[in-house]
Structure formats: C-alpha cells, structure tokens
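Comments concern the structure below.
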Amino acid sequence: MLLLTWRAGNRVWRELKDLPLRAAVALGAAGPGQPPRPGQLFKAYGIVLPIGLFAWWAMPQITLVMTPSIDAWVVHRSPGPIRHGDLVSFLLSDPLAGPKPVNVTKYALCLPGDWIMMIEKPATVGRGWTGWYYCNGRLMGVAKPLSRSGKALDRWRPENPHIPDGMIFVGSRHPDGYDSRYYGPVSIARLTRMEKLL
C-alpha cells in the first residue's frame, strides 16, 4: 500500500514538474524549453474562437432527438403554421416521463376540426384493451394497456368526434411511443414547429 502511494505521488510530481514546459508549448513554443511564439497563439485563436462562437450560437438553435419513434436525430425551430405530419416540440410534464418536465418531439397527426375516433379492442398480448386511434378515417396508432415495464397505461378517450380548436393530437407510429394516445391532444400554444436537419 505504501509503495502504491509513493508511486502515485512520484507520478503526480513528474506531471507537475513538466507543467510549465507543456504550458509553453500550448502558448506557441516550438517545443519544451523554447521561447513562446505569440504569432502561433494568435493563429490558434483565429481558428478556435470563430468555431467556439458558432457552436455557442448554434447549440440553442438545434435539438437532439433521443427517441426511436421519430425519424430524425437533429431538428431545429422552423416558424410557421403547423400542418399534418410536421414535427413539433413541447415540454411534457407527466409522471410516466419522469419527475421533471422533459422536452419531447412528435409529429402533428390530427389538427383542430379533424375527425377523431378511438375504437377499443381486446389486447392480442396479455390482458386488457387496446385503443385504436383514427384521424379522418386513417389509423394513427394503437394505445397499449401496459408499458414495457408492465405498468398499466391510461388511454385518452375523445369526448367529441372532432379535435377541439387550439389543440393538436401528437404522436408517432412507433408501438411504444408515449404520446396523445395516452395524454390527449396538446395545446397549439405549447407547440413549437420543428424541421429535420439529420
């Protein structure tokens, strides 16, 4: 044990002893023990600073999509009216999503005034009932009775045959997607229109 401590201390001492030489090289010196060359340092700044500033500006403009339910890896804000099939992003506060609100990206599947219908059918796997959601007669997705972890899932049940004004049914075709099939349409005021970059 004492030998290991001595070796670790010796290694740290060597690293600290070489630190001034490494700093000189980082500041533009040709090598250890050589004088610094400020011109090299300014060239490095000329390359690194524009890249850093661009990254600082660009990072808030894009969103990384971390779900297999959306056919996109990187999206960015794209102002304009939301249409069928557009990507939308919003903050989801739901116990199933976790203790803190999370930013999610989904597709706008059924818009205000569109005809919405949910048909319940017995689950083909396990017990319970599934909910089959149709928008203007086209199947949007199926709500499962249980999550992958076995937790019971509540389904959204439309109260009238049309999506209400100011609301959009969001989701994906992924069988495990957590979307409006479970928590209902989302207010347009909460949605940001997005566009796929990658």
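Treat the numbers as computed from the prediction; the structure is a model and nothing was measured.
To the nearest 0.5 Å, the span separating CG on Leu191 from CG on Leu87 amounts to 11.5 Å. To the nearest 0.5 Å, the span separating CE on Met117 from CZ on Arg138 amounts to 14.0 Å. Note that CZ of Arg148 is 11.0 Å distant from CG of Leu153, once rounded to the nearest 0.5 Å. Ile168 CD1 to Ser187 OG: the interatomic distance, rounded to the nearest 0.5 Å, is 9.0 Å. Within the model, atoms CZ of Arg190 and OG of Ser89 stand 10.5 Å from one another, a figure rounded to the nearest 0.5 Å.
A donor-acceptor pair under 3.5 Å is formed between the side chain of Arg157 and the backbone N or O of Arg155. A distance-only check finds no donor-acceptor pair linking the side chain of Lys151 to the backbone of Leu146 [under 3.5 Å]. Side-chain N or O atoms of His162 include one that pairs as donor or acceptor with a backbone N or O of Gly113 at under 3.5 Å. Using a distance-only test at 3.5 Å, with no hydrogens or angles considered, no donor-acceptor pair links the side chain of Asn136 to the main chain of Asp114. The backbone N or O of Tyr178 lies less than 3.5 Å from a partner atom in the side chain of Lys106, making a donor-acceptor pair.
Here the side chains of Val170 and Val104 are not in contact, with every heavy-atom distance at 4.5 Å or above. With a 4.5 Å cut-off on side-chain heavy atoms, Leu92 and Tyr183 count as touching. Side chains of Leu111 and Met167 form no contact here, defined as non-hydrogen atoms less than 4.5 Å apart. Under the 4.5 Å side-chain criterion, counting only non-hydrogen atoms from C-beta, Pro122 is not in contact with Thr130. Under the 4.5 Å side-chain criterion, counting only non-hydrogen atoms from C-beta, His174 is not in contact with Ile70. Between Val65 and Val74 there is no side-chain heavy-atom pair separated by less than 4.5 Å. Two residues are said to be in side-chain contact when any heavy atoms from C-beta on lie closer than 4.5 Å; Met140 and Tyr134 fail this criterion. Looking only at side-chain heavy atoms (C-beta outward), Arg193 and Pro79 stay at 4.5 Å or farther from each other.
In the hydrophobic clustering of this structure, Leu197 groups with Trp73; members are Ile, Leu, Val, Met, Phe, Trp, Tyr whose side-chain heavy atoms approach within less than 4.5 Å, directly or through other members. The hydrophobic cluster containing Ile116 does not contain Trp132, counting ILVMFWY residues as joined when their side-chain heavy atoms lie under 4.5 angstrom apart, directly or transitively. A continuous path of Ile, Leu, Val, Met, Phe, Trp and Tyr side chains, each step under 4.5 Å between heavy atoms, connects Val186 with Ile82, placing both in one hydrophobic cluster. One hydrophobic cluster, built from ILVMFWY side chains closer than 4.5 Å, holds both Met118 and Leu109.
Under the 30°/60° scheme for interplanar angles, the aromatic rings of Tyr133 and Trp156 are found to lie parallel.
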Is there a side chain to side chain contact (heavy atoms under 4.5 Å, CB included) between Phe169 and Ile163? Walk through the geometry before answering. CA-CA 8 Å; Phe169 186 103; Ile163 296 290; 4.0 Å; yes
Please step through side chain to side chain contact (heavy atoms under 4.5 Å, CB included) for the pair His76 and Met194, ending with a clear verdict. CA-CA 5 Å; His76 72 98; Met194 307 297 276; 5.6 Å; no
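Residues Asp176 and Ser69 bring no donor and acceptor atom of their side chains to less than 3.5 Å of each other.
At least one cation-pi condition fails for Lys121 and Trp129: the charged atom is not both under 6.0 angstrom from the six-membered ring centre and inside a 45 degree cone around its axis.
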